Undergrad: 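Here you go, one structure.
Chain identifiers are assigned alphabetically (A, B, ...) following the order of the sequence lines, protein sequences preceding nucleic acid strands; residue numbering begins at 1 within each chain. Keep in mind it's a predicted model, so treat the numbers as computed, not measured. Values below: all heavy atoms of this structure, side chains included; hydrogens, waters and symmetry mates excluded.
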Amino acid sequence: MAYNFTEIEKKWQNKWYSEGTFNAQDDHSKEKWYGLIEFPYPSGQGLHVGHPRSYTALDIIARKKRMQGYNVLYPIGFDAFGLPAENYAIKNHVHPKITTQKNIAHFTEQLKALGFSFDWSRVVDTTDPNYYKWTQWIFIQLYKHGLAYKTTMPINFCTGCKVGLANEEVVNGVCERCGSPVVQKEKSQWMLKITEYAQRLIDDLDDVDFLEKIKIQQKNWIGRSEGAEVKFNIDGTSEELIVYTTRPDTLFGATYMVVAPEHLVMETLKDKITNIDEIKEYQKQASLKSDFERAELNKDKTGVEIKGIKAVNPLTGSLIPIWVSDYVLSTYGTGAIMAVPAHDDRDYAFTKKFNLPMIQVIESNDESCICNIEEEPFTDVATGKLINSGFLTGLSVEDAKKSVIKHLEENNIGTKKINYKLRDWVFSRQRYWGEPIPMIYCEDCGWVTVPETELPLVLPEIEDYEPGENGESALAKHTEWINTKCPHCGKDAKRETDTMPQWAGSSWYFLRYMDPHNNDALASKESLNYWGPVDWYNGGMEHTTLHLLYSRFWHKFLYDIGVVSTKEPYQKRTSHGMILGSNGEKMSKSKGNVINPDDIVKDFGADTFRVYEMFMGPFDQTAPWSMESIRGCGKFLERVWNMQEFLVDGDSYSSKFEKMMHKAIKKVTSDIEEMKFNTSISTFMTMVNEFYKEKQINKAEFKTFIQLLNPFAPHMTEELNEFLGNKETIANTPWPTFEESKTIDDEIELPFQFNGKLKATIIIPLNSDEQSVKDIVHNNETVCGLLEGKTIIKEIYVKNKIYNIVVK
RNA sequence: GCUGAUGUGGCGGAAUUGGCAGACGCACUGGAUUCAAAAUCCAGCGGGAAACCAUGUGGGUUCGAGUCCCACCAUCAGCACCA
């Protein structure tokens with residue numbers, strides 16, 4: 001009897017989704033489990049085969065948790081604001097709202113065809129005013145707490161299209177669409193003070209269960225460093241240059257200084273600078289370069305000495321030159337550095353190019369080190385010892401740091417300082433398809449928030465989505481929308497025309513799932529307390545820095561103002577590997593290696609698709625697609641289906657299969673928890689092979705088998721469950737349990753080694769003591785043969801593992 | 001350049017974390033079934049005649065190394081001078 005997956009899968013999907021089989025229950029007395037996947041952006045291309053990898057993995061875990069008795073929340077939604085919909089609208093004159101609705105409908109259909117156990121009654125759509133009402137509400141709270149502010153920031157500006165561009169749209173310094181050069185244009189933008197949370201974003205990682213590489217990446221991104229700020233006086237003036245350094249111990253070796261091209265000192269002291277024209281020219285060149293070009297062209301260092309002024313080394317009192325160079329960034333530290341060429345790679349390269357002086361102040365403790373600073377800088381902190389450094393001479397690097405900071409602070413020439421690479425979050429977009437920022441500008445009152453009672457501030461439906469003049473948002477053209485009254489004083493005022501970035505809606509969506517239809521709050525206090533935090537969040541590594549950090553930041557803020565009750569939003573975070581094309585390259589239209597999930601479902605069925613994606617390799621690693629392998633997974637499921645043919649009665653496991661059943665339950669239960677889905681599936685395959693060998697499986701064994709397999713292949717197992725005469729849906733049956741004692745074999749095959757090389761295996765009872773094994777070994781024929789004429793030096797027995805004889 | 005990951009049969013990958021390398025699947029080969037083919041079922045499948053040799057390469061530790069240590073090579077991903 002052939003398995004008709006098309007018909008059977010449809011049958012169960014209709015039943016599940018019409019009856020709400022997987023909807024989370026409102027019963028807050030039960031123990032909860034909240035599993036989360038990153039909600040998709042509903043692109044016009046439809047679902048990618050990469051999406052189901054993550055969704056199936058957590059679907060398996062969610063289904064198992066349900067069977068284990070948890071009240072499970074496994075929701076789905078759509079992150080639907082964003083550039084592609086807007087660009088499509090500009091090109092084809094279809095409102096983004098329409099394409100978004102269409103794409104969401106298509107995604108929904110595709111997701112349902114894969115049989116995920118999502119709670120479809122809680123779907124969230126970030127473009128729905130009932131949703132973004134609360135995104136706007138959070139922004140207002142951030143503003144009220146001083147965490148949102150306006151400042152001038154450069155944007156990428158296309159000189160052809162006259163619009164602001166995302167980094168992604170700038171390719172090799174030119175606009176992706178029209179090819180015109182992209183320049184940096186200063187614009188007043190809304191910013192969020194994520195830097196205020198930098199330390200807490202590091203510290204609280206200790207309390208959560210994220211993959212170690214994810215924690216490392218978050219920490220590196222935040223980039224905390226400890227060092228000192230040091231004041232250098234500029235000779236003959238009352239001005240000073242303040243630098244940040246992580247190596248204050250090398251201060252005696254500072255032979256010159258470098259400032260960023262944007263540094264103000266060149267403006268302040270322009271009258272004293274003798275080569276001001278040359279400096280101005282260098283600044284001009286630097287400003288023309290985009291960030292991209294600076295990065296590209298930085299292989300070779302450039303710079304100009306600022307003549308006419310000199311700085312004073314605060315410890316040695318010697319006069320040192322000041323240079324300007326774009327290898328120093330205005331956005332990090334103070335925009336000025338002290339250069340210690342003997343002990344820093346970049347300063348060293350700059351020194352070699354411009355032939356500047358160098359003083360060695362650290363040498364190695366390690367006698368064997370042939371360290372010659374004429375050939376390369378010495379940067380090893382661990383073995384370093386101070387030389388040529390006055391009161392620091394002889395100290396280790398660590399001690400010298402402490403000592404010099406103490407000296408700097410006592411003499412008021414510097415302080416200890418902690419710096420972060422993390423920068424504040426640029427929150428404005430000059431775009432139409434995003435949440436309007438709920439702010440009003442009044443000539444008299446300044447920036448005023450839209451009253452909370454007037455939320456949502458609905459995005460007006462317009463026809464012309466093209467950005468306005470000078471890179472303004474398309475909204476800037478709609479004076480009827482912009483012009484309003486100041487909520488404070490009632491005078492004429494104007495609305496903010498920038499919109500929020502796509503990151504906004506995705507920074508809190510997991511909270512909305514807890515209570516998605518609430519009109520009075522982003523979610524009720526009660527549901528937030530019950531469902532929070534997310535127990536397990538899986539997503540791509542590409543989101544471990546920005547999205548993960550932004551949403552942790554918002555959550556911490558919401559914690560501070562009493563909205564949520566936990567410091568961290570996600571208890572556990574894992575990530576999945578990418579699915580590549582069958583040629584081992586990233587799937588892309590241009591390479592012609594894209595696999596369409598619809599075709600796979602049509603040809604093989606959803607269960608085969610799911611099993612294949614879980615079987616293809618370790619979950620957290622990239623894996624290439626293979627049409628041959630997926631066929632094998634289909635064959636496996638056919639074999640499962642055909643086991644009906646040799647089904648016999650039986651209320652308990654037969655003695656032949658009892659051990660196998662208990663072992664399998666144990667293995668699959670722990671494998672799922674560890675995301676080792678591929679080895680679970682090979683366990684299933686081995687079991688099927690065993691049943692085929694005996695041409696027999698009894699009802700008890702079959703029941704357990706399909707329960708274990710159900711999270712992986714839910715449709716076929718439901719059908720088989722019905723075939724077994726069970727009325728209740730398998731998803732509501734309790735997860736099989738095992739007895740530890742029945743997973744252990746009484747006898748084991750002990751490997752026997754001779755000088756560390758395997759020579760035989762011997763059957764012994766489990767947990768045999770050394771003497772009894774020794775007796776068996778020495779009576780073994782093979783062993784006796786090997787021992788002939790040899791002297792035994794040593795015998796090693798590791799219980800249940802190995803027996804090794806070393807001879808001469 | 002820096003950081004992180006990976007490297008095991010023809011291919012995707014297992015290996016209780018230092019104890020029988022190659023589970024399971026794909027591909028391939030042979031057999032059964034069939035008028036025939038497909039499908040299905042059964043068997044074989046790292047190399048070598050064998051002793052033995054094999055987990056990117058070269059060393060090391062150990063009774064014993066895919067697993068630990070040192071050096072190197074290759075591939076992939078991310079970052080871009082972070083003082």
Undergrad: Measure from CG on A/Asp344 to P on B/C81 and round the result to the nearest Å.
TA: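 In whole Å, B/C81 P lies 13 Å from A/Asp344 CG.
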
Undergrad: So what does A/Lys213 hit on the nucleic acid, given a heavy-atom distance under 4.0 Å: a base, only sugar-phosphate, or nothing?
TA: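 The residue A/Lys213 makes no contact with any strand.
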
Undergrad: One character per nucleotide, please: for nucleotides 10-27 of chain B, 5' to 3', B when the base has a protein heavy atom closer than 4.0 Å, S when only the sugar-phosphate does, - otherwise.
TA: --BSSS---BB--BBSS-

Undergrad: Let me know the distance between NE2 of A/His576 and C1' of B/A77, rounded to the nearest Å.
TA: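 One finds 14 Å between C1' of B/A77 and NE2 of A/His576, rounded.
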
Undergrad: Starting at atom CD of A/Glu690, determine the distance to atom P of B/C41, rounded to an integer number of angstrom.
TA: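 The answer, rounded to whole Å, is 15 Å.
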
Undergrad: Just checking A/Phe350 against A/Tyr327, ring centres under 6.0 Å apart?
TA: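 Between A/Phe350 and A/Tyr327, the centre distance is under 6.0 Å.
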
Undergrad: What I'd like to find out is whether the side chain of A/Ile802 reaches to under 4.5 Å of the side chain of A/Phe752, using heavy atoms alone.
TA: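 They are not in contact (no side-chain heavy atoms under 4.5 Å apart), so the answer is no.
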
Undergrad: Under 4.0 Å between a side-chain N/O of A/Lys794 and OP1 or OP2 of B/C63, yes or no?
TA: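 So the side-chain polar atoms of A/Lys794 do come within 4.0 Å of the phosphate oxygens OP1 or OP2 of B/C63, strictly under.
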
Undergrad: Which nucleotide, in any strand shown, forms a Watson-Crick or G-U wobble pair with B/U55, with both distances under 3.5 Å?
TA: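 Paired with B/U55, as far as the under-3.5 Å criterion goes, is no nucleotide at all.
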
Undergrad: Given that both distances must come in under 3.5 Å, which nucleotide forms a Watson-Crick or G-U wobble pair with B/U40?
TA: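 Because both required distances fall under 3.5 Å, B/U40 counts as paired with B/A32.
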
Undergrad: Please determine, for B/G12, whether a Watson-Crick or G-U wobble partner exists with both distances under 3.5 Å, and give it or none.
TA: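 By the stated definition (distances under 3.5 Å), B/C24 pairs with B/G12.
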
Undergrad: Does the structure show a Watson-Crick or G-U wobble partner for B/C2, both distances under 3.5 Å? Name it, or say none.
TA: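 The base-pairing partner of B/C2, which may sit in any strand shown, is B/G78.
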
Undergrad: Under a 90° cut-off about 0 for the syn range, is B/G9 syn or anti?
TA: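 Because its glycosidic torsion lies within 90° of 0, B/G9 adopts the syn conformation.
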
Undergrad: Looking at A/Glu740 and A/Lys666, is any side-chain nitrogen of the basic one under 4.0 Å from a carboxylate oxygen of the acidic one?
TA: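 Here A/Lys666 pairs with A/Glu740 in a salt bridge, since their nearest N and O are under 4.0 Å apart.
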
Undergrad: Indicate syn or anti for B/U17, taking the glycosidic torsion and treating anything within 90° of 0 as syn.
TA: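 You should classify B/U17 as syn.
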
Undergrad: How many whole angstroms separate atom CZ of A/Arg247 from atom P of B/C82?
TA: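 Atom-to-atom, A/Arg247 to B/C82, this comes out as 14 Å.
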
Undergrad: Are the aromatic ring centres of A/Phe5 and A/Phe604 under 6.0 angstrom apart?
TA: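 Judged by ring-centre distance (under 6.0 Å), A/Phe5 and A/Phe604 do not meet the cut-off.
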
Undergrad: How many whole angstroms separate atom OH of A/Tyr420 from atom P of B/A83?
TA: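 After rounding, the reported distance stands at 14 Å.
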
Undergrad: Base, sugar-phosphate, or nothing: which does A/Thr545 touch, judged by heavy atoms less than 4.0 Å apart?
TA: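 Nothing: the residue A/Thr545, judged by heavy atoms under 4.0 Å, touches no strand.
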
Undergrad: Expressed in angstrom and rounded to an integer, what is the separation of A/Asp345 atom CG from B/C82 atom C1'?
TA: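 Roughly 13 Å, once rounded to whole Å.
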
Undergrad: I need the CG-C1' distance between A/Asn220 and B/A80, as an integer number of Å.
TA: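 It is 14 Å, rounded to the nearest whole Å.
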
Undergrad: At their closest point, which heavy atom of A/Met587 faces which heavy atom of A/Asn593, and how far apart are they?
TA: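 Nearest heavy atoms, A/Met587 then A/Asn593: CA-OD1, 3.2 Å.
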
Undergrad: Please determine if A/Arg639 forms a cation-pi arrangement with A/Tyr692, meaning its NZ or CZ atom is less than 6.0 Å from the six-membered ring centre and no more than 45° off the ring axis.
TA: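 Yes, cation above the ring, under 6.0 Å and within 45°.
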
Undergrad: Can you name the one residue among A/Val404, A/Asn313, A/Leu251 that meets side-chain contact (heavy atoms from CB on, under 4.5 Å) with A/Val230?
TA: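 Only match with A/Val230 under side-chain contact (heavy atoms from CB on, under 4.5 Å): A/Leu251.
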
Undergrad: Checking base pairs now: Watson-Crick or wobble, both atom distances under 3.5 Å. What partners B/G18?
TA: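 By the stated definition (distances under 3.5 Å), nothing pairs with B/G18.
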
Undergrad: For B/U61, give the paired nucleotide (Watson-Crick: N1-N3 plus N6-O4 or O6-N4; G-U: N1-O2 and O6-N3; both under 3.5 Å), or none.
TA: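 For B/U61, the partner nucleotide comes out as none, under the 3.5 Å rule.
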
Undergrad: Can you see if the side chain of A/Tyr244 gets near the phosphate of B/C82 - specifically, an N or O under 4.0 Å from OP1 or OP2?
TA: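 Answer no for this pair, as no side-chain N or O of A/Tyr244 is under 4.0 Å from OP1 or OP2.
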
Undergrad: Mapping A/Gln217 and A/Thr245 onto RNA chain B by nearest heavy atom, which one lands closer to the 5' end?
TA: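 Nearest nucleotide further toward 5': that of A/Gln217.
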
Undergrad: Give none if B/A50 has no partner; otherwise give the nucleotide forming a Watson-Crick or G-U wobble pair with it, both distances under 3.5 Å.
TA: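 In the structure as shown, B/A50 has no Watson-Crick or wobble partner.
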
Undergrad: Checking side-chain contact (heavy atoms from CB on, under 4.5 Å) against A/Leu750, which of A/Val773, A/Thr761, A/Leu766 comes through?
TA: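 For A/Leu750, the side-chain contact (heavy atoms from CB on, under 4.5 Å) check succeeds only for A/Val773.
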
Undergrad: Look through every strand shown and name the nucleotide pairing with B/U67 as Watson-Crick or G-U wobble, where both distances are under 3.5 Å.
TA: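 Across any shown strand, B/U67 pairs with none.
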
